Amino acid sequence: MWLRLAVVALVFLCASCSAKQTDPKVQVYSRNPGEFGKPNVLICYVSGFHPPDITIGLYKNGVEIPGSTQTDLAFEQGWQFHLTKYVDFTPQAGEQYTCRVRHMQNVEKSYTWEPDM
């Protein structure tokens, strides 16, 4: 039994190590159509990246929004991973909402939410 588990773990480890580094794809959107003054949920979906060394932050006017939640790391075919980070927010006119993503030791990139009003 233990030998079988060790072999399975080794196969998964080797498959993960052989996967090439891929940059994340990022989507920033809200649960409901954006309306100023109406409670909503800001969502940042990050997918297609490898290895899973990544940080995600949600910001309002450059300041991190407290109370955000991040899903557990999940993987897709080819050992690419995805994560979702989200937080309740009430958009206001003139404010900017962004998702910042840093993969590996690369430069942090910002992605801005565009209200669909």
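Counting from 1, the numbers follow the sequence of the chain as shown. Source: prediction; values computed, not measured.
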Hydrophobic clustering (ILVMFWY, side-chain heavy atoms < 4.5 Å, transitive) - are [Y] and [X] grouped together?
| X | Y | answer |
| --- | --- | --- |
| Leu58 | Ile54 | yes |
| Leu83 | Ile65 | yes |
| Val46 | Tyr59 | no |

In terms of heavy-atom contacts, Phe36 and Ala93 come closest through CD2-N, 3.4 Å

Nearest heavy-atom contact between Ile43 and Tyr86 is CG1-CB, 4.1 Å

[Y] backbone acceptor or donor facing [X] side chain under 3.5 Å:
| X | Y | value |
| --- | --- | --- |
| Asn40 | Asn32 | yes |
| Thr84 | Thr71 | no |
| Ser47 | His82 | no |

- prompt: Relative to the ring of Trp79, is the ring of Phe81 parallel (under 30°), tilted (30 to 60°) or perpendicular (over 60°)?
  reply: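 Phe81 and Trp79: tilted rings.
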
Using 0.5 Å steps for rounding, measure from the [atom1] atom of [X] to the [atom2] atom of [Y].
| X | Y | atom1 | atom2 | value |
| --- | --- | --- | --- | --- |
| Thr90 | Lys60 | OG1 | NZ | 8.5 Å |
| Ile56 | Lys85 | CD1 | NZ | 7.0 Å |
| Gln80 | Phe75 | CD | CZ | 12.5 Å |

Margin query: Can you pull out every disulfide (SG to SG under 2.5 Å) where at least one residue sits in residues 51-96? Sequence neighbours excluded, please.
Written below: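 Passing the test, one end in residues 51-96: no pairs.
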
Residues 97-109, side-chain donor-acceptor partners within the protein, below 3.5 Å, at least two apart:
{"residue": "Tyr97", "atom": "OH", "partner": "Gln92", "partner atom": "N", "Å": "3.4"}
{"residue": "Tyr97", "atom": "OH", "partner": "Glu95", "partner atom": "OE1", "Å": "2.3"}
{"residue": "Arg102", "atom": "NH1", "partner": "Asn106", "partner atom": "O", "Å": "3.0"}
{"residue": "His103", "atom": "NE2", "partner": "Pro51", "partner atom": "O", "Å": "2.8"}
{"residue": "Asn106", "atom": "ND2", "partner": "His103", "partner atom": "O", "Å": "3.2"}

Original post:
So, do Trp113 and Pro91 sit near enough that their side-chain heavy atoms are less than 4.5 Å apart?
Top reply: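 Contact flag for Trp113/Pro91 side chains = yes.
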
### Query
Step by step, would you call Tyr111 with Cys44 a side-chain contact (heavy atoms from CB on, under 4.5 Å)?
CA-CA 9 Å; Tyr111 303 85; Cys44 184; 5.9 Å; no

